[in-house]
*Asks:* 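Take a look at the following structure, please.
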Amino acid sequence: MANETSRELPVEGEFDCPPEPLPTLRHSASHIMAQAVTELFPGVRLAIGPAIEDGFYYDFARDEPFTPEDLERIEARMREIAKADYPFVREELPRAEAIRFFQERGEVFKVEILNGLAADRVSLYRQGDFVDLCRGPHVPSTGHLKAFKLLSASGAYWRGDERRPMLQRIYGTAWRTREELEQHLWRLEEAKRRDHRKLGRELQLFTFHDVSPGAPFWLPKGMIVFRELERFWREVHDARGYLEISTPILVNKRLWEESGHWEHYRENMFLVEAEEQVFSLKPMNCPESTYVYRHHLRSYRDLPLRFAELGRLHRNERSGTLAGMFRVRQFTQDDAHIYCRPDQLEAEITGVIEIVQLIYGTFGFEPRFSLSTRPAKAMGDPALWEQAETALAEALRKRDLPYEVRAGEGAFYGPKIDVVISDVLGRAWQLATIQLDLVMLPERFALEYIDADGKAKRPVAIHRAIYGSFERFVGILTEHFAGAFPTWLAPVQVRVLPVSERHVAYGRSVLDRLRSAGLRAELDERSEKLGYKIREAQLQKVPYMLVVGEREAQAGTVSLRRRGGDDLGQIPLDRFIAEVTAEVSARSMKSPLG
RNA sequence: GCCGGCGUAGCUCAGAGGUAGAGCAGCCGAUUCGUAAUCGGCAGGUCGUCGGUUCGACUCCGACCGCCGGCUCCA
């Protein structure tokens, strides 16, 4: 991931944004915004203003933050600048001259950027009276900016460094056409409608309370989703030779000193003191899994050992970073540590990739893979690194999976595969990681196995998670499905709706049948009109509504209505149960009915 | 942690230096209803917490806590 500095100030490369139409337009939009701001707020200093995914921003140095009213004025001024259709004019000059130019104007940030550049000559872009240091490219003139909108203002550190001044950042979005802009704004609205914090409350899945910031209270309905995910996960792992373990949550600080976490991760750990000893809530499962490995002497015949653990972890994240289920302080990782011989790596990685495909496919996610290779500061045997990277690449290649190589992006203790998915709104989420560990666990914890030659050898470890964390995964699923979970995950799968109280008795017999068939069913026996009951079931996103009245009671049927759909007419109860139980056991995404 | 915004009933929100209101949800009653809201009544809040100013604070000031949007960080 590019940081602020590398994104803005690459040592090499000719442009400040990808020379494609949309990034160019957005980059130009940021210049137009900067022009508007300098005109409306004299004395504001300019920092940087790049194109980003879906839009652009510009950072300004100003004592006062920008208010929503300020944004409206800036946007209005931008429209005037666009209408004036000033051409973007490129000028080149010696760097020293540019430094003088910006120094005279008090543009200290531009001077700092220029001082950090290696180039002899630099370029400026001018539109109207506004000049900015920039390598381009830009659209020919300001009139090309037609479909844009300013979205928000916030603080941002100069060069992303919290020790440096806080700047005022304004975000905007820009598109080629009005239609594209409207569509993007609709996506933003839709994301708000699907917000898992809102849906979690409305659907009674989970809640938060200030007695434990960053830690969810799982409500009964949310717990059903959690348990179904857990059940699925266990089925998959049990069938593939994983051995489930569970290790302590509260652990003496000695362990973290041994693992190195005490030195590098202490500020993120919750500490507890008892009887003059310091303990920590575990932020990771890995070190403790080595104790299971070392529980007795291992033979080469024992390997691979696949220890799975649904460990509850605590990490003391900085308060400002918490965000619903997406960023919590307490979470449940679907972890596993595989200990194997180097020659088993490829087969083990292949096994993990198969699990990723199987599990993600069930939710309709298409995983994308990237391979991060040996960094400069790597530790461990170079030959083993070579073998490990080859194993990862071969595992992907043999399954015909395209992947992006991130050279040098691996951890110092091993290369890894990261897995990313996109949800229905096109938002990318990094979920699974397959992290090889040639150093940390094997070396620090002195892991060994006795090989065929009778000598002690060092195994390698694979850290891997599929969901990542149940909390975040449930948050993602909630937004992805907008709360309308596939039937197998739905907290309530069927709701029986008697037309009037006269039909409650038949409704109860239907309910009993559904429950004996293992379906999660409810009966709405309140003295309300049918329309009211339907509305509520609909809002609760219950997959199936069964209307029962006189006709159904006579015929032994139910009248079916799908979530979000219409009246599908009568169906024999037996058939309904057979279809839906099949749908559930197949963990299908689609209903066989309607 | 930093910048900014916000915190009034379970939820969504109104109000305001003289001590609080609506809709929905809840409870009670009536209604017995055929595919997205039946009617009436009742109850519900030390206005996030602590401190200060004031005759008087939910309202003004300060600190803290929490939430939201970003920055940084990240499963």
Side-chain angles (χ1 to χ4, degrees), chain A residues 1 3-4 57 59 62-68 151-171 192 195 197-198 201-202 204 207-214 267-268 283-285 311 313 315-335 418 429-433 435 463-473 475-476 497-504 525-540 545-552 559-570:
Chain A
M1 190 63 78
N3 62 29
E4 295 286 326
Y57 68 77
D59 285 345
R62 180 177 185 244
D63 292 336
E64 298 288 299
F66 293 103
T67 65
L151 297 175
S152 61
S154 71
Y157 301 108
W158 168 235
R159 293 196 161 168
D161 185 340
E162 64 185 10
R163 289 163 308 196
R164 312 206 60 178
M166 177 70 73
L167 305 171
Q168 303 300 331
R169 175 173 297 181
I170 302 178
Y171 284 97
K192 266 188 217 163
D195 190 315
R197 292 168 293 199
K198 176 172 172 281
R201 184 172 58 237
E202 289 171 2
Q204 300 176 61
T207 185
F208 289 87
H209 199 284
D210 59 15
V211 292
S212 188
E267 64 281 9
N268 282 303
M284 300 180 184
N285 298 306
L313 307 183
R315 298 184 185 173
N316 192 1
E317 306 292 355
R318 299 164 96 179
S319 56
T321 64
L322 302 177
M325 286 294 203
F326 289 159
R327 196 72 195 284
V328 290
R329 282 187 173 144
Q330 175 188 280
F331 59 99
T332 314
Q333 199 173 54
D334 65 312
D335 213 353
D418 284 316
W429 298 99
Q430 209 234 289
L431 300 175
T433 303
Q435 171 73 61
H463 309 244
R464 42 114 291 174
I466 310 296
Y467 295 138
S469 83
F470 281 78
E471 286 74 8
R472 199 168 71 115
F473 196 72
I476 292 166
L497 311 177
V499 171
S500 84
E501 275 174 24
R502 279 206 305 279
H503 313 107
V504 166
E525 53 185 317
R526 293 173 305 175
S527 156
E528 297 288 351
K529 301 209 301 200
L530 183 60
Y532 182 87
K533 298 179 184 178
I534 284 174
R535 177 183 154 79
E536 278 210 347
Q538 205 77 269
L539 291 174
Q540 286 293 305
M545 283 156 264
L546 300 182
V547 174
V548 294
E550 209 54 48
R551 299 197 290 269
E552 292 79 8
S559 279
L560 180 62
R561 184 185 165 110
R562 272 288 286 159
R563 161 176 70 195
D566 296 317
D567 185 355
L568 294 172
Q570 288 186 62

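Numbered from 1 within each chain, the chains take letters A, B, ... in sequence-line order.
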*Asks:* With sugar-phosphate meaning primed atoms plus P, OP1 and OP2, does G468(A) contact a base, only sugar-phosphate, or nothing at under 4.0 Å between heavy atoms?
*Replies:*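 If one applies the 4.0 Å heavy-atom cut-off, G468(A) turns out to touch the sugar-phosphate alone, with no base involved.
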
*Asks:* Quick check for you: among C74(B), G34(B), C2(B), whose closest atom lies nearest to any side-chain atom of R551(A)?
*Replies:*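 Among C74(B), G34(B), C2(B), the one nearest the side chain of R551(A) is G34(B).
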
*Asks:* Whom does G45(B) pair with, Watson-Crick or G-U wobble, provided both distances fall under 3.5 Å?
*Replies:*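 Its partner: none found.
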
*Asks:* Pick from Y467(A), F473(A), F326(A): which one makes a ring-ring contact (aromatic ring centres under 6.0 Å, His included) with W429(A)?
*Replies:*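 It is F326(A); the other options fail the test.
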
*Asks:* Give a yes/no answer on whether the side chain of R197(A) brings an N or O atom under 4.0 Å of OP1 or OP2 in G69(B).
*Replies:* yes

*Asks:* Before you tell me yes or no, could you show the steps for R169(A) and Y171(A) under side chain to side chain donor-acceptor pair (under 3.5 Å), namely the whole-Å CA-CA distance, both residues' side-chain angles and the distance that decides it to 0.1 Å?
*Replies:* CA-CA 7 Å; R169(A) 175 173 297 181; Y171(A) 284 97; 3.0 Å; yes

*Asks:* Nearest to the R561(A) side chain among A36(B), G1(B), G66(B), which nucleotide is it?
*Replies:* A36(B)

*Asks:* Would you tell me if any nitrogen or oxygen in the side chain of S319(A) comes within less than 4.0 Å of OP1 or OP2 on G1(B)?
*Replies:* yes

*Asks:* Pick the C1' atom in A16(B) and in G45(B), then give their distance to the nearest Å.
*Replies:*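 About 16 Å, rounded to a whole number of Å.
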
*Asks:* Could you check how far CE of M325(A) sits from P of C74(B), rounded to whole Å?
*Replies:* 22 Å

*Asks:* Just name whichever nucleotide pairs with C50(B), Watson-Crick or G-U, keeping both distances under 3.5 Å, else none.
*Replies:* G62(B)

*Asks:* Give the rounded distance in Å between these two atoms: CD of E528(A) and P of U32(B).
*Replies:* 14 Å

*Asks:* Y157(A) has a side chain; which of G66(B), G1(B), U38(B) sits nearest to it?
*Replies:*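 So the nucleotide nearest the side chain must be G1(B).
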
*Asks:* How close or far is atom C1' of G70(B) from atom CZ of F66(A), stated in whole angstroms?
*Replies:* 15 Å

*Asks:* Any strand is fair game: report the nucleotide pairing with U38(B) by Watson-Crick or G-U wobble, both distances under 3.5 Å, or none.
*Replies:*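 U38(B) is paired with A30(B).
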
*Asks:* If only side-chain N and O atoms of Y57(A) are considered, is one of them under 4.0 Å from the OP1 or OP2 phosphate oxygen of G69(B)?
*Replies:* no

*Asks:* Begin with the C-alpha distance, continue with both residues' side-chain angles, and end with the deciding distance and a verdict on salt bridge (Lys or Arg N to Asp or Glu O under 4.0 Å) for E536(A) and R526(A).
*Replies:* CA-CA 12 Å; E536(A) 278 210 347; R526(A) 293 173 305 175; 2.8 Å; yes

*Asks:* What's the closest nucleotide to the side chain of P213(A) if the choices are A36(B), U32(B), C67(B)?
*Replies:*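 Nucleotide nearest to P213(A)'s side chain: C67(B).
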
*Asks:* Distance check, C1' atoms only: U31(B) and G15(B), in whole angstrom units.
*Replies:* 36 Å

*Asks:* With a 4.0 Å cutoff (strictly under), does any side-chain N or O of R502(A) reach OP1 or OP2 of C33(B)?
*Replies:* yes

*Asks:* Is there a donor-acceptor pair under 3.5 Å between the side chain of R315(A) and the backbone N or O of P283(A)?
*Replies:*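 Indeed, once roles are kept as given, a pair shorter than 3.5 Å links the two residues.
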
*Asks:* Side-chain N or O of R201(A) versus OP1/OP2 of U12(B): is the shortest distance under 4.0 Å?
*Replies:* yes

*Asks:* Counting any heavy atom closer than 4.0 Å, what does E202(A) reach on the DNA or RNA strands: base, sugar-phosphate only, or nothing?
*Replies:* nothing

*Asks:* What is the pairing partner of G21(B), taking Watson-Crick or G-U wobble pairs with both distances under 3.5 Å in any strand?
*Replies:* C13(B)

*Asks:* Roughly how far apart, to the nearest Å, are C74(B) and G4(B) at atom C1'?
*Replies:*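 C74(B) and G4(B) have their C1' atoms separated by 23 Å.
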
*Asks:* Is any side-chain heavy atom of L497(A) less than 4.5 Å from a side-chain heavy atom of L546(A)?
*Replies:* no

*Asks:* Counting side-chain heavy atoms from CB outward, which of C71(B), C74(B), U35(B) is closest to R327(A)?
*Replies:*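 Between C71(B), C74(B), U35(B), the one nearest the side chain of R327(A) would be C74(B).
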
*Asks:* Please compare D161(A) and E550(A) by the position of their nearest nucleotide in RNA chain B and report the one closer to 5'.
*Replies:*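 Its nucleotide being nearer the 5' end, the pick is E550(A).
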
*Asks:* Touch check for Q430(A), heavy atoms < 4.0 angstrom, all strands: base, sugar-phosphate only, or nothing?
*Replies:* sugar-phosphate

*Asks:* Which is true for F331(A) with a 4.0 Å heavy-atom rule: it touches a base, it touches only sugar-phosphate, or it touches nothing?
*Replies:* base

*Asks:* Distance between the C1' atoms of A25(B) and G66(B), in whole angstroms?
*Replies:* 24 Å

*Asks:* Could you work out the separation of A43(B) and A22(B) based on their P atoms and round it to a whole Å?
*Replies:* 12 Å

*Asks:* Between G26(B), U35(B), A36(B), which nucleotide gets closest to the side-chain atoms of R526(A)?
*Replies:*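 Nearest to the side-chain atoms of R526(A), counting from C-beta on, is G26(B).
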
*Asks:* Mind checking E552(A) for me? I need base, sugar-phosphate or nothing, with any heavy atom below 4.0 Å counting as a touch.
*Replies:* base

*Asks:* Roughly how many Å apart are G7(B) and C47(B), using the C1' atom of each and rounding to a whole number?
*Replies:*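 Taking atom C1' in both C47(B) and G7(B), they lie 10 Å apart.
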
*Asks:* For atom CZ of R163(A), decide whether the heavy atoms of other residues, nucleotides or ligands shown that lie under 6.0 angstrom number more than 12.
*Replies:* no

*Asks:* Tell me the interatomic distance from L167(A), atom CG, to U72(B), atom P, rounded to whole angstroms.
*Replies:* 11 Å

*Asks:* In whole Å, I'd like the distance from the CG atom of L530(A) to the P atom of U35(B).
*Replies:* 7 Å

*Asks:* Taking pairing as Watson-Crick or G-U wobble with both contacts under 3.5 Å, can you name the mate of G56(B), or confirm there isn't one?
*Replies:* none

*Asks:* Is R197(A) salt-bridged to E202(A), going by a charged N under 4.0 Å from an acidic O?
*Replies:*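 The answer is no: the pair does not qualify as a salt bridge.
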
*Asks:* Let me know the distance between CG of N316(A) and C1' of A75(B), rounded to the nearest Å.
*Replies:* 16 Å

*Asks:* Quick one: does L560(A)'s side chain get under 4.5 Å of Q570(A)'s, heavy atoms only?
*Replies:* no

*Asks:* Using the C1' atom as the point on both nucleotides, what is the distance between G26(B) and G44(B), in whole Å?
*Replies:* 9 Å

*Asks:* Base, sugar-phosphate alone, or nothing: which one does G531(A) contact when heavy atoms must sit under 4.0 Å apart?
*Replies:* sugar-phosphate

*Asks:* Answer yes if the side chains of S469(A) and Q333(A) hold a donor-acceptor pair under 3.5 Å, and no otherwise.
*Replies:* no

*Asks:* Reckon T67(A) touches a base, only the sugar-phosphate, or nothing at all at heavy-atom distances under 4.0 Å?
*Replies:*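 T67(A): no heavy atom of the nucleic acid under 4.0 Å.
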
*Asks:* Tell me the partner of C73(B), counting only Watson-Crick (N1-N3 plus N6-O4 or O6-N4) or G-U wobble (N1-O2 and O6-N3) with both under 3.5 Å; none if nothing fits.
*Replies:* none

*Asks:* Taking atom C1' in both U46(B) and C50(B), compute the distance separating them and give it to the nearest angstrom.
*Replies:* 13 Å

*Asks:* Mind checking E317(A) for me? I need base, sugar-phosphate or nothing, with any heavy atom below 4.0 Å counting as a touch.
*Replies:*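 It contacts base atoms.
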
*Asks:* Mind checking Y171(A) for me? I need base, sugar-phosphate or nothing, with any heavy atom below 4.0 Å counting as a touch.
*Replies:*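 Y171(A): backbone/sugar contact only, no base atoms under 4.0 Å.
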
*Asks:* Could you check D210(A) against S500(A) and say which one's nearest nucleotide on RNA chain B is further toward the 5' end?
*Replies:*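 Of the two residues, S500(A) wins.
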
*Asks:* Salt-bridged, E528(A) to R535(A), with N to O below 4.0 Å?
*Replies:*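 No, no charged N to carboxylate O under 4.0 Å.
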
*Asks:* Could you check how far CG of L539(A) sits from C1' of C24(B), rounded to whole Å?
*Replies:* 12 Å

*Asks:* If you check the E501(A) side chain, which of U38(B), A75(B), U31(B) turns out closest?
*Replies:*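 The closest nucleotide is U31(B).
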
*Asks:* Please state how far atom CZ in R163(A) lies from atom C1' in C3(B), giving the value in whole angstrom units.
*Replies:* 18 Å

*Asks:* Could you tell me the Watson-Crick or G-U partner of C67(B), where both distances fall under 3.5 Å? Say none if there is no partner.
*Replies:*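 Its partner is G5(B).
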
*Asks:* Out of A25(B), C2(B), C71(B), which nucleotide sits closest to the side chain of T321(A)?
*Replies:* C71(B)

*Asks:* Could you check which of C33(B), A36(B), G26(B) has an atom nearest any side-chain atom of Q538(A)?
*Replies:*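 Among the listed nucleotides, the one closest to the side chain of Q538(A) is A36(B).
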
*Asks:* Using the side-chain heavy atoms of S527(A), tell me which of these nucleotides is nearest: U35(B), A75(B), U32(B).
*Replies:* U32(B)

*Asks:* Scan R318(A) against the nucleic acid and name what it touches under 4.0 Å (heavy atoms): base, sugar-phosphate only, or nothing.
*Replies:*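 Touches a base.
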
